[in-house]
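Since the structure comes first, as structure tokens, the remarks are kept for the end.
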Protein chains: 2
Amino acid sequence: MAESWVNSAQRVGRDLHLDLRLDLSAPGGRRAALTRALREAVREGRLAPGTRLPPYRSLAADLGLARNTVADAYAELVAEGWLTARQGAGTQVAERARARRGPQPRAPRALPVTPLHNLRPGRPDAASFPRADWVAAVRRSVTAAPNAAFGPGDPRGREELRRALADYLARARGVRTDPERILVCSGVGPALRLLYGEGVLRGRLAVEGYGLPFHRELLGRTGVRTDPIGVDEHGARTAELSGLPRARAVLLTPAHQFPTGGALHPERRAAAVDWARRTGGVILEDDYDGEFRHDRQPVGALQGLDPDRVVYLGSVSKSLSPAVRLGWLVLPEELVDPVLAAKGRWEAYAGALDQLALADFLDSGGYDRHIRRMRQRYRRRRDQLVELLAERAPHVTVTGVAAGLHAVLQLPAGTAADAVAVARAAGIGLDELAAYRHPQASWPAGDGLVVGYAAPPDHAYPAALAALVEVLAAQPT
Amino acid sequence: MAESWVNSAQRVGRDLHLDLRLDLSAPGGRRAALTRALREAVREGRLAPGTRLPPYRSLAADLGLARNTVADAYAELVAEGWLTARQGAGTQVAERARARRGPQPRAPRALPVTPLHNLRPGRPDAASFPRADWVAAVRRSVTAAPNAAFGPGDPRGREELRRALADYLARARGVRTDPERILVCSGVGPALRLLYGEGVLRGRLAVEGYGLPFHRELLGRTGVRTDPIGVDEHGARTAELSGLPRARAVLLTPAHQFPTGGALHPERRAAAVDWARRTGGVILEDDYDGEFRHDRQPVGALQGLDPDRVVYLGSVSKSLSPAVRLGWLVLPEELVDPVLAAKGRWEAYAGALDQLALADFLDSGGYDRHIRRMRQRYRRRRDQLVELLAERAPHVTVTGVAAGLHAVLQLPAGTAADAVAVARAAGIGLDELAAYRHPQASWPAGDGLVVGYAAPPDHAYPAALAALVEVLAAQPT
């Protein structure tokens, strides 16, 4: 008996010794290291269920540890259920701690593959994130914040950010609001989920016949039915709203229809507002890239025409980075309380420290500088695209206004699907226009490609562009 | 006619002149300033619908601006719908732009009032947020991050953070996992919403008979039915799970039952795991304050007993700050893909830059240092509470293990509601234990108070404690 204890102690001791040497530098000291080592031995089956452990004084002597250290480790493992301690029976490995095969390390999952030439729409140039300016904004804002900023978050968002946004959106986008009607969230998708998933808005939603499948799917999961309206070079045909008597709201991209690229015509802007006033409907204005007009001053937000009928939605996803999960809703008065009620007592998603940093970034002019820099860059890229196509693939037309982070290329009838297949085979990531068509749209999909010119870093764009144009120049005309 | 144009021009010119003086320093230059000023004049009714504007050359001369500047501003406002331009009729204020009363600035909403003495549970000391260390972690991690970190986010979370969490949770909490089974989210509430709101888990959920009303409400909104099981000084009575044949999962707080404060007894830990293995059930382990054990080494996570049956949930809300919206799910293999599918292609909530900073904070040892510092502080506060009560209000018993950010005070039968009322009148924010009782629980609520000792800053805690003890000392015994 004594012999087997000694053996056991020595075996345990040797194993432990190895582990302890590995782990003594880890936080928690000797007791934690011993606990871990014993736990691992049980887990891995080196100490089988039912095995009696040496009395702690023996193990302590064996390992050169204090008795209390060993006693504490045993007690810890009894509390966790690995060991059992019974009067007269000493300490044993618990029967229930039978060695189950631990999870095998699994191979890392692949993310959606980033293509060699990334011309997918909707992504800003990640290489241009203003790292130093952002860090400076974090430093200033975290240093200056009141203690309460580190407590539970106001579901409206930090006041600093709502004030900065009210100023910025009025100045840059013609939005009429005040900080009390702005709600911070973590993006336009989450904003739509908040509005429809929590029952703030109900009933059918008219949407543009071309639009983000992601938004349609997200809305579909909340149970809302979407009805498409037509889209042409002047944006959505908002006169069609009158033919949708069950629509309670409409989701529009007035500054730059996504993805077809038209700016909503003034008469159509007015028609949308008239419809909303007449029917009590709500306009959801997704101003996803309104800051990036390349040929003229950006058209102001539709929201300015009637702040009581328009929910204005924006985010930093295109203007700064989708890694900063911040967006905003500018709400009509009557929706402020319902949306707040849906959000709950405290903010569950949008980080307060990012909010403080963005407020500083806006107020300090860093955001404006970044937008100007990126606007010039994207404009140059779009110009290069237009020029190279005119020269090498004149049968391809660039449609839509000169704006944003993407362009739609119109191809000869019947050639778009082939062009996308050939382009993808050449390592070019881009989308067929048809992928954005609402499945219930009554018109056929046009032959078009949606080309994002923003995603590649500057040094990679010329090669991506050349690869694309080479594919298109070789297509049948 | 010419006369009225001049008048009009002069009136407009004067108004504009004022606005231009105010705004010329703003971004966008003269054109933007003129556009804003004209837009405001229309909005505010100073320029009524139907008013004809002066030809742009007149206004340009009047204001000392280039003709193109005025022409561009007019075109902009036509595009926005404020003005109309018709051949032969010049430029007019649009009929539809009739002055609607703009939204009146609304009074800022009050947040839930912070009491004079904040002894609410579940909040860490916001004044102790490690500002300098956090800023340093942001600086290092944003500087070192690859460009892709500023693109769309991996829905699993940043690999840097998942690796750091796998190490930390194994070391500090005995969690058995690898980075591929960890999913980053923005808190435990959002994790529950992800699991139940998106249909990953279905069926009835057993919960502890005392627990967070917030979680019950959140779960209720996703449509899940919760069934209470009993709770005593050894935590949840997990043997009762066998009496709930329809339960498919159980939500537990094994390290420190919330709020009653027991640590789940080893036999009950085993019973929970046995139940899950026998029925194919899932254990949701909410390890909300597992790092803060004051009297001994924290008991390791239940997850370590069976990583295939336990979903381990944690966040930085208690350990660091609820302002940093980061949490995690450690998932059984079979749930990884369903949860990822529910999350979608890209991360919509958790900011990547916070994730990078937390990864750095964990890897650099800053997190461990912060936990140690806070553990000492909270331990001291709990000791002071226990001592002062023993001295001044010996009829009050502090129950539960010495852990976490709160304690439960057991009062003489029938006195808790009164005590809470008196305390609140004295400016003390705290909760009655009864508020945490599941509405379907079969047992009566105990007479208890839930006292959070973490929220006040260090300098304010003695006064809060004294105020509380004064109330309790004066209660009937």
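Sequence lines set the chain letters: A, B, ... in the order given, protein chains first and strands last, and positions in each chain run from 1.
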Heavy-atom pair with the smallest gap, counting every atom of [X] and [Y]:
X: B/Ala323; Y: A/Ala149; answer: CB-O, 3.2 Å
X: A/Pro190; Y: B/Ala348; answer: CG-O, 3.5 Å
X: A/Gly151; Y: B/Pro322; answer: C-CG, 3.5 Å
X: B/Ala127; Y: A/Asn147; answer: CB-ND2, 3.4 Å

Distance from A/Gln297 atom CD to B/Asp72 atom CG, nearest 0.5 Å?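 A/Gln297 atom CD to B/Asp72 atom CG measures 8.5 Å (nearest 0.5 Å).
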
With a 4.5 angstrom heavy-atom cut-off, could you sort out which part of [X] is near chain B: side chain, backbone, both or neither?
X: A/Arg139; value: both
X: A/Pro146; value: backbone
X: A/Tyr349; value: both

Residues B/Arg296, A/Glu76: salt bridge by 4.0 Å N-O rule: yes

Salt bridge or not between B/Arg171 and A/Glu40? Use side-chain N to carboxylate O under 4.0 Å.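 A salt bridge is absent here (no side-chain N lies under 4.0 Å from a carboxylate O).
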
Answer with side chain, backbone, both or neither: which region of [X] has an atom nearer than 4.5 Å to a non-hydrogen atom of chain A?
X: B/Ala350; answer: backbone
X: B/Arg268; answer: neither
X: B/Pro124; answer: neither
X: B/Pro457; answer: neither

Name the member of [options] that forms the most heavy-atom pairs with chain B at distances under 4.5 Å.
options: A/Pro298, A/Ser317, A/Ala455, A/Ala172; result: A/Pro298
options: A/Arg39, A/Arg158, A/Glu198; result: A/Glu198
options: A/Ala148, A/Gly187, A/Gly304, A/Pro254; result: A/Gly304
options: A/Asp354, A/Val324, A/Thr84, A/Leu320; result: A/Asp354
options: A/Arg221, A/Glu217, A/Glu347, A/Gln355; result: A/Arg221
options: A/Gly199, A/Ala136, A/Pro266; result: A/Pro266

Name the residue from B/Thr143, B/Leu353, B/Val142 that meets the side-chain contact (heavy atoms from CB on, under 4.5 Å) definition with A/Arg131. B/Val142

Between B/Ala301, B/Gly189, B/Ala255, B/Gly174, which has the largest tally of heavy atom pairs under 4.5 Å with chain A?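 Most heavy-atom pairs under 4.5 Å with chain A: B/Gly174.
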
Between B/Ala263, B/Pro179, B/Ala145, B/Ala132, who has the most heavy-atom pairs with chain A when the cutoff is under 4.5 Å?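 Top option by heavy-atom pairs under 4.5 Å: B/Ala145.
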
Please assess A/Arg325 against B/Arg325 for the test side-chain contact (heavy atoms from CB on, under 4.5 Å), listing each intermediate value before the final yes or no. CA-CA 11 Å; A/Arg325 299 303 316 155; B/Arg325 299 303 315 157; over 6 Å; no

From CA spacing to verdict: side-chain contact (heavy atoms from CB on, under 4.5 Å), A/Asp125, B/Phe150: CA-CA 9 Å; A/Asp125 176 3; B/Phe150 304 98; over 6 Å; no

B/Glu80 vs A/Arg269, side-chain contact (heavy atoms from CB on, under 4.5 Å): CA-CA, chis, key distance, verdict: CA-CA 8 Å; B/Glu80 290 182 18; A/Arg269 293 166 71 97; 3.9 Å; yes

